[in-house]
2 protein chains.
Amino acid sequence: MAARTAPTSPITTPCCATVGSTDFDVADATELAKGFAALADPVRLHLLSMITTSGPGGACVCDLIEPSGRSQPTVSHHLKVLREAGLVTSEKRGTWAWYHVVPDRVAQLRGALAD
Amino acid sequence: MAARTAPTSPITTPCCATVGSTDFDVADATELAKGFAALADPVRLHLLSMITTSGPGGACVCDLIEPSGRSQPTVSHHLKVLREAGLVTSEKRGTWAWYHVVPDRVAQLRGALAD
DNA sequence: CCGATATATCGATGATTGTCAATATATTTC
DNA sequence: GAAATATATTGACAATCATCGATATATCGG
């Protein structure tokens, strides 16, 4: 805690003024942080980009491995991270797996960055 | 690489169709990933929220420590991460340090999540 | 100059992460 | 059923991270 009385800001705000009126929900923060953590890797951003720009049928994993520049197990791992973060869903059709973006989850994270 | 010929999607998209037309810039992805990594922690989201909702004079660190529920060195560390990610700037006025949000950087990350 | 205070840095530690090779599972084709 | 293929899982390892206590640096008030 601030024991000494803080000085006045050179502008108009007094020191130690209440920072905003909205209470910060720690549970929400943890959920958002998990989402952002999934985006905190260039390979996963690349994967998400490819899945996003794929058609309505989704993106086949077989098309994601080579452009990612990573091994198949590594790509599978990153897709799992994206899935568990709620950013994509997967669907198996025959031998192939197809991934789709979850627009609502992306929008939620985008909305958290509103100004 | 996909040695076997892939089947047709149940919808209209053929398998292994080219996923999107926009080339993915790896350098951009790395820069974006660094930004999202800074947001991938509940404590930093809380700090950023408090700094964002503070007035034009910025947020005094002395006001951020107690609500964060973390020790002073830990808060200092997280603020450094946010600073090095370009999300906030710091200014020292006397004994106190004041932090400001960098709206352009936040907007850049938000824009990367566009649908 | 001295004591008090605000913030940053250092050092250590336990936890998490990204990566790949090896292996497992499941599906298709012959 | 056997061989081939697509994807997932496991195990290991180096690297990074979140956290705190201790300490350093700097500023203010007397």
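Treat the numbers as computed from the prediction; the structure is a model and nothing was measured. All values below come from the heavy atoms of this structure, side chains included, with hydrogens, waters and symmetry mates left out.
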In whole angstrom, give the distance that lies between atom [atom1] of [X] and atom [atom2] of [N].
X	N	atom1	atom2	answer
B:Trp96	C:dT5	CH2	C1'	8 Å
A:Arg93	C:dA26	CZ	C1'	17 Å
B:Phe36	D:dT16	CZ	C1'	20 Å
A:Glu91	D:dA8	CD	C1'	17 Å
A:Glu66	D:dT7	CD	C1'	17 Å
A:Leu64	D:dA8	CG	C1'	15 Å
A:Leu47	D:dT7	CG	P	13 Å
B:Leu79	D:dT19	CG	C1'	15 Å

* Within residues 31-47 of chain B or reaching into it, pairs that qualify as side chain to side chain donor-acceptor pair (under 3.5 Å) - sequence neighbours excluded -> B:Glu31-B:Arg105, B:Arg44-B:His78
* Asked: Judged by atom type as modelled, is there a donor-acceptor pair below 3.5 Å linking the side chain of A:Ser49 to the main-chain atoms of A:Leu45?
  -> no
* To do: Classify every nucleotide of nucleotides 16-22 of chain C by which part a protein heavy atom approaches to under 4.0 Å, writing B for the base, S for the sugar-phosphate alone and - for neither, in 5'-to-3' order.
  => --SBBBB
Quick check: closest heavy atoms across [X] and [Y], and the distance to 0.1 Å?
X	Y	result
A:Leu82	A:Ala38	CD2-O, 3.9 Å
B:Val88	B:Tyr99	CG2-CD2, 3.7 Å
B:Ala59	B:Leu64	CB-CD2, 4.2 Å

* Closer than 4.0 Å, any side-chain N/O of A:Ser76 to the OP1 or OP2 of D:dA8? -> yes
* Asked: Can you find a side chain N or O atom of B:Tyr99 that sits less than 4.0 Å from OP1 or OP2 on C:dA8?
  -> yes
* Does a donor on one side chain and an acceptor on the other come within less than 3.5 Å for A:Ser71 and A:Thr74? -> yes
* Please round to the nearest 0.5 Å and tell me the distance separating atom SG of B:Cys62 and atom CH2 of B:Trp96. => 7.0 Å
* Structure fact -> Ranking D:dC28, C:dT7, D:dT9 by distance to the side chain of A:Lys80, first place goes to D:dT9
